[in-house]
There are 2 protein chains.
Amino acid sequence: MSSANAVLRKPIETPAEPEKRVRNRAATEQAILDAAKRLLAEEGFQNFGINAVARGAGCDKQLIYRYYGGLDGLVEAIGTDLGGWVQDRIPDDTGGMFLLTYGDLMERLALLFLDALRADPLMRRIVAWEVSENTEQVRRLSEARSKALAGWIERMRGSLTPPKGIDTVAVNAMIFAAIQHLVLSATISGQCAGLALKTAKDWEKAATALKRIVRGVYG
Amino acid sequence: MSSANAVLRKPIETPAEPEKRVRNRAATEQAILDAAKRLLAEEGFQNFGINAVARGAGCDKQLIYRYYGGLDGLVEAIGTDLGGWVQDRIPDDTGGMFLLTYGDLMERLALLFLDALRADPLMRRIVAWEVSENTEQVRRLSEARSKALAGWIERMRGSLTPPKGIDTVAVNAMIFAAIQHLVLSATISGQCAGLALKTAKDWEKAATALKRIVRGVYG
DNA sequence: CTTGCTATTCACCGGCTGGTGACAAGTTGG
DNA sequence: CCAACTTGTCACCAGCCGGTGAATAGCAAG
């Protein structure tokens, strides 16, 4: 093509404009990580693979191998990112509320966690993944998540002493398990064990039940 | 190969003995269904497909199309089978116990369900499937399961009236959600939210916590 | 035996997957 | 200008997937 031609022609974007990807490793790495998180959040872990991520990031899959050492490394990077999840999603102050009792604390924690999980599709997919597969990938992701969560609860607890005579670890595990399954089930099917979970009013019912359970145990 | 050779040779079973599958449609259908259930229970829904089931049943996948109309039909057949699950796994009498209060009832129900789910890998896989994917297949399976369960609870409840002023549907949904997630998480990773779930003693702790929660709500 | 019917298997297709080796396009330094 | 390195692309592989059309094997009635 002559240069004259180039000048005369209006620079109409050809539809398949390659967009001239700039040579920038850091940006590409970020694009890959973002694509991976988006894909996992939106499509779930079922169709989560090298090809899909590369397609989503608009680059060649080879780069995923180069920069992350394959899917495993990429998943691990997601897990690292996840460390900051709790801090981003959940305030670590008491919201100006005085938490006088352990029951106050747990009620607030439970409701915060419920809302945070409802608002975060990526986290939900990871939780579903955790109970579906037992690969090294998922195990690491799971660890990162539970560690972050445990740390947050610990900080939140402050100097409050748990009640005597109650196995708080076991009881809290049940409570968090309930929240997780409730939110997962609701997201997929709009209900859980016969309880509709679509409208705001439905969720108020769930929150009330949750509070009742927490208060029933911790007073 | 000469016939003399055949006579001289001891009838050692060749490793790839075709086993001369007998011509029996009913038996084949059953073999397919069994293989499907076994595969789903043991491997999970991830690698659950036509080819895998056919391999497991030791027949050609074509037969799955012919007899069940494809994977969907097969899954539906599993769902139908599942209808009898509750009856098989959970006694519908009160075990010689007098259930005087709604709390008595729910405590017993919760513990029975916990044990039943722990003992049934197929059911666990299905529950995990339910919170991971939202296809027509899974939806039907999910419906069959919840319907059977609801019916069982209804029968079990008998003439006992639920307490006033408590949203039992919501509270029970939370309780069953807790049980399901607890068991799923335990099966995959041996723990749930920091609570170890491996030894019998661990499970006793969980049962105690569950009882405490139920009693906390229903007295 | 021959003619059907049914159960079962076989061979093949296109498409997608994870994975790899070679190559092109820029960038930097001598 | 050339050489060396980094970034990115492409082409290709074997393997599995779901799905389909045709052939084969056993049985039963005529």
Side-chain angles (χ1 to χ4, degrees), chain A residues 1 6 14 16-36 39-40 42-78 129 132-133 135-138, chain B residues 14-36 39-40 42-78 129 132-133 135-138 140:
Chain A
M1 170 194 310
T14 52
E17 176 81 13
E19 196 52 48
K20 250 344 177 193
R21 164 173 292 282
V22 286
R23 266 171 83 89
N24 181 344
R25 170 158 180 170
T28 302
E29 282 184 5
Q30 192 60 47
I32 291 172
L33 186 58
D34 288 348
L39 224 137
L40 188 52
E42 292 176 1
E43 308 286 332
F45 57 93
Q46 293 270 59
N47 298 335
F48 186 74
I50 286 275
N51 290 304
V53 172
R55 232 175 294 133
C59 72
D60 196 275
K61 57 182 167 183
Q62 178 74 21
L63 298 184
I64 300 176
Y65 288 106
R66 273 226 247 291
Y67 298 156
Y68 291 95
L71 248 199
D72 295 13
L74 184 52
V75 170
E76 197 150 1
I78 294 179
W129 203 358
S132 299
E133 222 176 18
T135 62
E136 190 58 34
Q137 285 181 11
V138 182
Chain B
T14 52
E17 175 83 13
E19 198 52 48
K20 251 345 177 193
R21 165 174 290 284
V22 287
R23 267 171 82 90
N24 182 345
R25 169 159 181 171
T28 301
E29 281 184 4
Q30 192 60 46
I32 292 172
L33 186 58
D34 288 347
L39 224 136
L40 189 51
E42 292 176 1
E43 309 287 332
F45 57 94
Q46 292 270 62
N47 299 335
F48 186 74
I50 286 276
N51 289 302
V53 172
R55 230 176 295 132
C59 72
D60 197 275
K61 58 182 167 183
Q62 178 74 20
L63 298 184
I64 299 175
Y65 287 106
R66 276 227 231 294
Y67 297 158
Y68 291 95
L71 249 200
D72 295 11
L74 184 52
V75 169
E76 198 151 1
I78 294 178
W129 203 359
S132 299
E133 221 177 19
T135 62
E136 191 57 34
Q137 285 181 12
V138 182
R140 291 217 196 107

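Each chain gets a letter, A, B and so on, in the order its sequence line appears, and its residues count up from 1.
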All N/O pairs under 3.5 Å across the protein-nucleotides 20-23 of chain D interface:
| unit_1 | atom_1 | unit_2 | atom_2 | d |
| --- | --- | --- | --- | --- |
| dG21(D) | O6 | Gln62(B) | OE1 | 3.1 |

Answer yes or no: is there a side-chain heavy-atom contact under 4.5 Å between Leu33(B) and Gln30(B)?
-> yes
Nearest-Å distance, CG (Leu63(A)) to C1' (dA24(C))?
-> 14 Å
Taking only the side-chain nitrogens and oxygens of Thr28(A), find out if one of them lies under 4.0 Å from OP1 or OP2 of dG8(D).
-> yes
Is there side-chain contact between Leu74(A) and Tyr67(A), with at least one heavy-atom pair below 4.5 Å?
-> no
Would you tell me if any nitrogen or oxygen in the side chain of Arg25(B) comes within less than 4.0 Å of OP1 or OP2 on dA7(C)?
-> yes
Distance in angstrom units between Asn24(A) CG and dA25(C) C1', rounded = 16 Å
Rounded to whole Å, the CD-P distance (Glu43(B) to dC16(D)) equals 15 Å
Between dG19(C) (P) and Leu74(A) (CG): distance, integer Å | 12 Å
Has the side chain of Asp60(B) got a donor or acceptor atom that lies under 3.5 Å from a matching backbone atom of Leu63(B)?
-> no
State, with a plain yes or no, whether a side-chain heavy atom of Val53(B) is found less than 4.5 Å away from one of Lys61(B).
-> no
Got a second to check how far Glu29(A)'s CD is from Ile32(A)'s CD1, nearest 0.5 Å?
-> 7.0 Å
Spacing of Ile64(B) atom CD1 relative to dC10(C) atom P, expressed in whole Å | 15 Å
Separation between CZ of Arg140(B) and CG of Asp72(B), rounded to the nearest 0.5 Å = 6.5 Å
Where along residues 46-55 of chain A does a heavy atom come under 4.0 Å from DNA chain D, residue by residue in number order?
-> none
Aromatic plane relationship, Trp129(B) with Phe45(B) - under 30° parallel, 30 to 60° tilted, over 60° perpendicular = parallel
To the nearest angstrom, the OH-C1' distance between Tyr67(A) and dT9(D) comes to 12 Å
Heavy-atom distance under 4.5 Å between the side chains of Leu71(A) and Phe48(A), does that happen here?
-> yes
Find out whether Gln46(A) and Gln46(B) are in side-chain contact, i.e. whether some heavy atom of one side chain is under 4.5 Å from a heavy atom of the other.
-> yes
